[in-house]
Amino acid sequence: MHNLLEKAYQTNDLTKEEIMYLLENITPEDREVLYSYALKTKQAYYGDKVYLRGLIEFSNICRQDCLYCGIRASNAKVERYRLTPEEILGCCDQGYELGYRTFVLQSGEDLWFTEEILVDLLQVIKKRYPEIAITLSIGQRGVKTYQSLFGAGADRFLMRHETASKELYEKLHPTMRFDDRRDCLSALKEIGYQVGAGFMVGLPGQKPADLAEDLRYLMELRPDMIGIGPFIPHSETPLGAEKGGTIEDTLVMVALARLLIPGSLMPATTALGTLHPLGREFAFKAGANVVMPIITPPSVRKKYALYENKICGDDHPEDCRYCIEGRIQAAGFEVDLGRGDSWQYSFLTAKRFTSKKRIYSRND
Ligand code: SAH
């Protein structure tokens, strides 16, 4: 086992079979070794910085019906809400005041937010705050819409692939197609977004082979960001009586993702913080380097319940801002309020810039 961990650390590469072997045989001691390698790898790329993103959950209205999700279209018990573009802008103002320089706009698949409305909103935000980064997490749309949103100022796009097992994906997503989601991710990358993929751990029926496939898919896609969180059952969904993912299994996947896609930005997810009071701190020590404090207005935050008992439901944006800062520092890391672009994005931009300079000097 130690050879395998060492190999992952030294080469950033494992085969599907090696990952499966690791997942099936890892002991608590091995896990500590894995986490320490993941931490060292993160430090080599990003130092001890943890980037903060202000998360605005702007609508819980959704046309999709994902079996695990508390805001799925069939859940008639959810009290639905939709912030107006003015209210979203107000969240950005407040978030900017609190020091955030990335806003993540996340929602169910709510088509009230047409391409036109989103383009207007993005332009207004970018005009007011040109130096910030905007991340969208609004699900599947057409390529043309993704292009317009990018043109209007969206910098990044989060869309977890959820699971790389086609069979499991199809069981969990009666209204969506496996290939469509992957096509969206490829299109987003092609357009020039910094792209985030990711998956849930502990889904009903998920096997080590499926999790190994998740990592292999990420190694192929090379996303800028990777979100990994435990599945947490929601009682008003068809999976309400299922078992959820564990903190240990999730941390192992976070650490392996850090070793295999070493330059990625990886959030310590709210779902991990929900499973254990120190879940996010454990994730920082296992390779995560981003956290997304919620800046959704207190009046609606409890309604954005993808799963139950989600943390911070009664908090105000300023509570989350300083609570997280304290946690990051107590865990031995440094808060970074900058835009925090991904390593590969910064690297490519720097390369483009240098080659441009070279052309200029040739012409001089
Ligand atoms: N509509 C957007 C945003 C989805 S919500 C989109 O399609 O991308 C963000 C993420 O929450 C999902 O991608 C999913 O991985 C996660 N999620 C949803 N329900 C969950 C649950 N019950 N437990 C844990 N994570 C969940």
Side-chain angles (χ1 to χ4, degrees), residues 53 55-75 78 80 82 104-113 118 135-141 145-146 149 154 156-165 168-169 172-173 175-178 180-185 188 193 195-204 206 211 214 218 223 225-247 249-250 253-254 266-276 279 292 294 296 301 303-311:
R53 325 298 201 188
L55 174 62
I56 306 169
E57 299 149 325
F58 66 90
S59 167
N60 70 353
I61 297 172
C62 192
R63 66 180 168 142
Q64 304 293 3
D65 217 16
C66 312
L67 258 51
Y68 46 81
C69 184
I71 64 166
R72 65 201 297 267
S74 308
N75 185 0
V78 185
R80 303 284 170 175
R82 172 187 289 139
V104 181
L105 305 188
Q106 190 178 83
S107 68
E109 288 200 11
D110 179 358
L111 296 184
W112 182 88
F113 285 93
L118 288 169
T135 306
L136 294 175
S137 176
I138 59 170
Q140 293 179 207
R141 301 271 177 134
T145 301
Y146 287 153
L149 301 177
R156 309 181 185 139
F157 205 106
L158 297 180
M159 184 155 60
R160 292 189 179 174
H161 65 278
E162 311 297 3
T163 169
S165 152
L168 188 56
Y169 186 95
L172 295 172
H173 302 97
T175 51
M176 280 148 69
R177 288 210 313 250
F178 182 73
D180 288 350
R181 198 143 178 105
R182 290 187 165 208
D183 290 347
C184 283
L185 280 164
L188 289 162
Y193 285 94
V195 170
F199 58 94
M200 280 172 283
V201 178
L203 289 164
Q206 190 179 42
L211 291 167
D214 282 316
L218 293 173
M225 303 168 283
I226 299 176
I228 300 174
F231 157 62
I232 304 178
H234 185 299
S235 59
E236 295 299 333
T237 65
L239 304 183
E242 299 287 340
K243 278 218 296 268
T246 66
I247 185 138
D249 289 350
T250 309
M253 296 313 292
V254 168
M266 299 198 354
T269 52
T270 310
L272 261 175
T274 300
L275 275 197
H276 189 288
M292 294 165 37
I294 302 172
T296 310
R301 359 176 119 194
K303 298 178 192 162
Y304 197 80
L306 309 177
Y307 46 84
E308 281 156 328
N309 305 316
K310 194 170 132 204
I311 48 173

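Every number for a ligand or one of its atoms is a count from 1 in the order of the listing. Just the heavy atoms: all of them, side chains too, but no hydrogens, waters or symmetry mates, feed the values below.
- Side-chain atoms of Thr175 and Asp65 include no donor-acceptor pair closer than 3.5 Å.
- Scanning all protein heavy atoms for the shortest distance to atom 16 (C) of ligand 1 gives Arg160 NH1, 3.7 Å.
- Remark: the backbone N or O of Leu111 is not paired with any side-chain donor or acceptor of Arg141 at under 3.5 angstrom.
- Checked by atom type and distance alone, the side chain of Asn60 pairs as donor or acceptor with a backbone atom of Lys303 at under 3.5 Å.
- Glu308 and Ser235 are linked by a side-chain donor-acceptor pair at a separation below 3.5 angstrom, with hydrogens and angles left out of the test.
- Scanning all protein heavy atoms for the shortest distance to atom 11 (O) of ligand 1 gives Leu306 CD1, 3.4 Å.
- For atom 17 (N) of ligand 1, the closest heavy atom belonging to the protein is Met200 SD, 4.0 Å.
- Proximity of Pro230 to ligand 1 is established by a heavy-atom distance of less than 4.0 Å.
- Scanning all protein heavy atoms for the shortest distance to atom 4 (C) of ligand 1 gives Ser107 O, 4.6 Å.
- At the top of the distance list for atom 9 (C) of ligand 1, counting protein heavy atoms only, stands Gln106 NE2, 3.6 Å.
- Evaluated by nearest non-hydrogen atom to atom 7 (O) of ligand 1, the leading choice among His173, His234, Arg181, Glu308 is Arg181.
- Each of the atoms 12 (C), 13 (O), 14 (C), 15 (O) of ligand 1 lies under 4.0 Å from some heavy atom of Glu162.
- Around CZ of Arg177, the count of heavy atoms belonging to other residues, nucleotides or ligands within 6.0 Å does not exceed 12.
- If you run side chain to side chain donor-acceptor pair (under 3.5 Å) between Gln64 and each of Glu109, His173, Gln140, Arg72, only Glu109 comes through.
- Relative to atom 19 (N) of ligand 1, the option among Phe157, Tyr68, Tyr304 with the closest non-hydrogen atom is Tyr68.
- Annotation: Ile232 places an N or O atom under 3.5 Å from an N or O atom of ligand 1; distance criterion only.
- Aromatic ring pairs are classed by plane angle as parallel below 30°, tilted from 30° to 60° and perpendicular above 60°; the pair Phe199 and His161 is tilted.
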